[in-house]
Every structure is written in structure tokens, then in C-alpha cells.
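Take a look at the structure below.
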Amino acid sequence: MTAVSNADTSLILRCQDNDAAAFNEIVARYKNRVYNYICRTVGPGADAEDLTQETFIRAYMNIKSFQSRATLNTWLFRIATNICIDHQRKVKRIQSNIVPLQREDADNEEDVQMDIPDTRYNPEDMLLTKELNKELSKALLDLPEKLRTVILLHDIEGLAYEEIMEIVDCPLGTVKSRLFNARQTIRKKISHYLNSSV
Amino acid sequence: MKCDKIQPMLSAFIDNALSARDTWEVDRHLAECHECQRSLNEMKRTIKLLHDISAFEVSADFDAKLQTKLSELQPKPDRLMWIKGLSRMFRPRLLPAWGAASILGIVLVMMVFFNQKPIRTVNMNTFPATEANFVQQAKVQNMAFSAVNPLEDVSIANLSAHPSGQLGSNANASE
Ligand SMILES: [Zn+2]
């Protein structure tokens, strides 16, 4: 972890000295992780790729003001998170213009209720089948934004609690409780898989 | 502790992010509560599945597209470039160099200052050694003068080179 962040720090210093190759290396190192995160936030497709490009453009334009206090990891995911939030607000606005009386998205962390499909699956097969992959992906996309951000960053991107606190600007307790709620929601959604293979 | 207190702690329990006290409470509860054990196992497997979920990858032309967009940004017509250049010269990494340079500068100024002082305030009687120096210096100067060209009149050459001298002669000619 420290080896990675040391390498990242030297890349940033080189970028700040206008070394174009260093920025290309940052892109090479992070493009798929950022893209994956954005796909899981707004859904895969052309939009996700555009937003990923926007993330790197914004990083490029602001690299001089990068504070060595943060890690490159944290910084890039923070930019990506903000870009996704902006994008989803825009999308919401457009949708609410088309359908004036649309139900507000339940952003409440406490009462997230999910419909559990009652299909049964092969008990011995707990591999991530295409089907399960799809269902998990949908469950993630259906999460309220605040819960989704935390579970994506922790359980898929592997960021530490402290890094997530910095990205979402919340205290540790909030990160923990959002992560619990997100995991619990996903767990309930795929409980038919989980139960069938006990 | 009751199940509804334990359940919300299971997530942080899996991540080893509970205090020693809470970890102990959860451990103790799990030893005798089948329901919470089941929740724990399901949550662990949910996390494992999320970890194994397939990852999306950018399309093949991602880099080329990004490069195009970045190159459009590149030629910034920056009017404040010289300020940036200046601030770059004073960036933290170069500060030790600047410190060393300024100390060197101060030392040089002091050396010049203290070298001049004895010449100005020299007292021939109290410093016989410097008197000898002066004599020697005068000799050297004399030799240098005579080495240029002993036959040339220096004062005339200087006068003709002077612009006012030329101006004067021009004015005379026009009259
Ligand atoms: Zn219990």
C-alpha cells in the first residue's frame, strides 16, 4: 500500500513538473478502476466512459493544486464521485421535466425496502454466474447514492474507511453505518442465493 | 446484548473495525446465537461475491480519445505565465538553493565592503605595511601606463573620443 502510494506521489510530482508521460502512467494505472466505479454508479455505457474521461481531464487540470496530504487513489475517486453526483442530478432534472409527478428517490439510509425475487437456484453452485453477476450489479445500482458510494469504494475498490471518510466527507461512524446498511440491503436482495447454498 | 444491537455491528466486525470491547461482546453473543451467526455468514459471503464481481474495462480507443481532449486543452494562452515561472523558481524544492545563493551574495557584499574600508580610512603612520603596498601598487600602475604606448598622449586620445569634443568640432565647422 505504501509502495503504491509512494509511486503515486512521485508520479504526481513529475506531473507537477509538466511531465506528460507521468500523467499517461496515472491514466494507465487508474482508468479501469475509475471506469468500473463509474459504471457501477451510473450504469455501463457511453455515459460512463465520457464521465471517466471527464474525471481524468479534471485531474489533469487540477494536478498542480494536488495536496500531498491525500492519496492519488482518494483524490481520483473523489473527483469521480463528484462527477457522478453532478451527472445524476442532471439526469434527474431532465427526467423530472419529462414526468412532472415522479416519486422522489428514497435516499433515507434507514428504511430501504427491497423486493426479493423468489426464484430458486442450484444449491451447490455459489460461483458468480452470469445471472448472479447481473443481479448483484442491479442491486448495487438500485442502492441509494450514499450507500452505493460507500459499498463500491470499500467492497469493490478496496479503499480503507479513512480514505472513504475523505471522499464522502463524513465521520467514521457514518461510513460504518452506511456500509452496514448497504451490505444488509444487498444481502437481502440475494438471500435466495445465500440460503440455497447453506 | 440483544440481537438488534449485535446485528448492526456485524459489518464492522467482519472488517476488524470494532473496538476491543465491542469485538468481545459480538464474539460472546455469536457463541450462543444461531440467528446472528447465520447473518454473519451471509454477510461474509455477500462481501465475497461483491469482491468477485466482474469488472468493467474501458474501450480500446479510450486513450486516443482522452489524448485528443487533453491536447485541445494544452495550448493555454496564459498571460500570467511569467508569474507562474517566477513562482516555479521559488517552489519549495528550490528554496534551499535560494537560501545558499543569498548567503553567498551576502558574504560577497561583506567581502567587498571590508576590503574597501582600510583603503579609505588608511592612516599612513599607523600602518607602515600598507604604505609599502601603496608604493608597490603605484609602481605597477606606472608600468602598466608605460606599457600601453609610451609615445601616445593619453589625454588627447580621450578627448577626441568624447562625444562633446566631436560636437564642439562640428559646431566649429558649421560656423
Ligand atoms: Zn443474536
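The figures here come from the full heavy-atom set of this structure, side chains too, leaving out hydrogens, waters and symmetry mates.
Taking CD1 of A/Ile151 as the start and CG of B/Leu50 as the end, the distance is 5.0 Å to the nearest 0.5 Å. Remark: A/Phe23 CZ to B/Gln67 CD distance equals 8.5 Å, nearest 0.5 Å. A distance of 9.5 Å separates CZ in B/Arg38 from CG in A/Leu194, rounded to the nearest 0.5 Å. To the nearest 0.5 Å, atom NZ of residue A/Lys134 and atom OG of residue B/Ser54 are 12.0 Å apart. Within the model, atoms NE2 of B/His51 and CD of A/Glu157 stand 10.5 Å from one another, a figure rounded to the nearest 0.5 Å. The distance from the OG atom of B/Ser39 to the CD atom of A/Gln184 is 6.5 Å, given to the nearest 0.5 Å.
Shown here is A/Lys138, whose NZ atom has no more than 12 heavy atoms of other residues, nucleotides or ligands within 6.0 Å.
When hydrophobic clusters are built by joining Ile, Leu, Val, Met, Phe, Trp and Tyr residues whose side-chain heavy atoms come closer than 4.5 Å, directly or via intermediates, A/Leu143 is not grouped with A/Val91. One hydrophobic cluster, built from ILVMFWY side chains closer than 4.5 Å, holds both B/Leu73 and A/Phe56. When hydrophobic clusters are built by joining Ile, Leu, Val, Met, Phe, Trp and Tyr residues whose side-chain heavy atoms come closer than 4.5 Å, directly or via intermediates, A/Leu141 is not grouped with A/Tyr37. Under the 4.5 Å side-chain heavy-atom criterion for Ile, Leu, Val, Met, Phe, Trp and Tyr, B/Leu104 and B/Met110 are members of distinct hydrophobic clusters. By the criterion of side-chain heavy atoms lying less than 4.5 angstrom apart, applied directly or through intervening Ile, Leu, Val, Met, Phe, Trp or Tyr residues, A/Ile94 is not grouped with A/Ile85; the two fall into different hydrophobic clusters.
A/Arg183 places no side-chain N or O within donor-acceptor distance of the main-chain N or O of B/Met43, the cut-off being under 3.5 Å. Side-chain N or O atoms of A/Asn133 include none that pairs as donor or acceptor with a backbone N or O of B/Ile53 at under 3.5 Å.
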Using side-chain contact (heavy atoms from CB on, under 4.5 Å), reason through B/Glu42 and A/Ile190 one step at a time and then give a plain yes or no. CA-CA 10 Å; B/Glu42 283 192 13; A/Ile190 58 162; over 6 Å; no
Would you check, one step at a time, whether the test side-chain contact (heavy atoms from CB on, under 4.5 Å) holds for B/Asp15 with A/Leu179? CA-CA 11 Å; B/Asp15 298 333; A/Leu179 186 58; 3.6 Å; yes
Where do A/Ile38 and B/Phe56 land on the side-chain contact (heavy atoms from CB on, under 4.5 Å) test, with the steps shown first? CA-CA 9 Å; A/Ile38 291 178; B/Phe56 292 99; over 6 Å; no
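Heavy atoms closer than 4.5 Å to chain A are found in both the backbone and the side chain of B/Lys65. Within the 4.5 angstrom heavy-atom criterion, only side-chain atoms of A/Asn24, from C-beta onward, approach chain B. A/Leu140 touches chain B through its side chain: at least one heavy atom from C-beta onward sits under 4.5 Å away, while N, CA, C and O do not. Interface residue B/Asp63: only side-chain heavy atoms are found under 4.5 Å from chain A.
Taking both residues in full, the closest heavy atoms of A/Lys176 and B/Ala17 are given as NZ-O, 2.7 Å, listed atom of the first, atom of the second, then distance. Between A/Asn32 and B/Val58, the shortest heavy-atom contact is OD1-N, 2.9 Å.
The candidate with the highest count of non-hydrogen atom pairs below 4.5 Å against chain A, out of B/Leu66, B/Asp52, B/Asn41, is B/Leu66. Of the listed residues (A/Leu172, A/Leu13, A/Ile156), the one with the most heavy-atom contacts under 4.5 Å to chain B is A/Ile156.
Of residues 3-14 of chain B, those residues lying under 4.5 Å from chain A by any heavy-atom pair are B/Gln7, B/Pro8, B/Ser11, B/Ala12. Among residues 40-49 of chain A, the residues having any heavy atom closer than 4.5 Å to a heavy atom of chain B are, in sequence order, A/Arg40, A/Pro44, A/Glu49.
A donor-acceptor contact closer than 3.5 angstrom links the side chains of B/Lys69 and A/Gln53.
Screening B/Ile47, B/Thr46, B/Leu49 for a side-chain contact (heavy atoms from CB on, under 4.5 Å) with A/Arg187, the sole residue that qualifies is B/Thr46.
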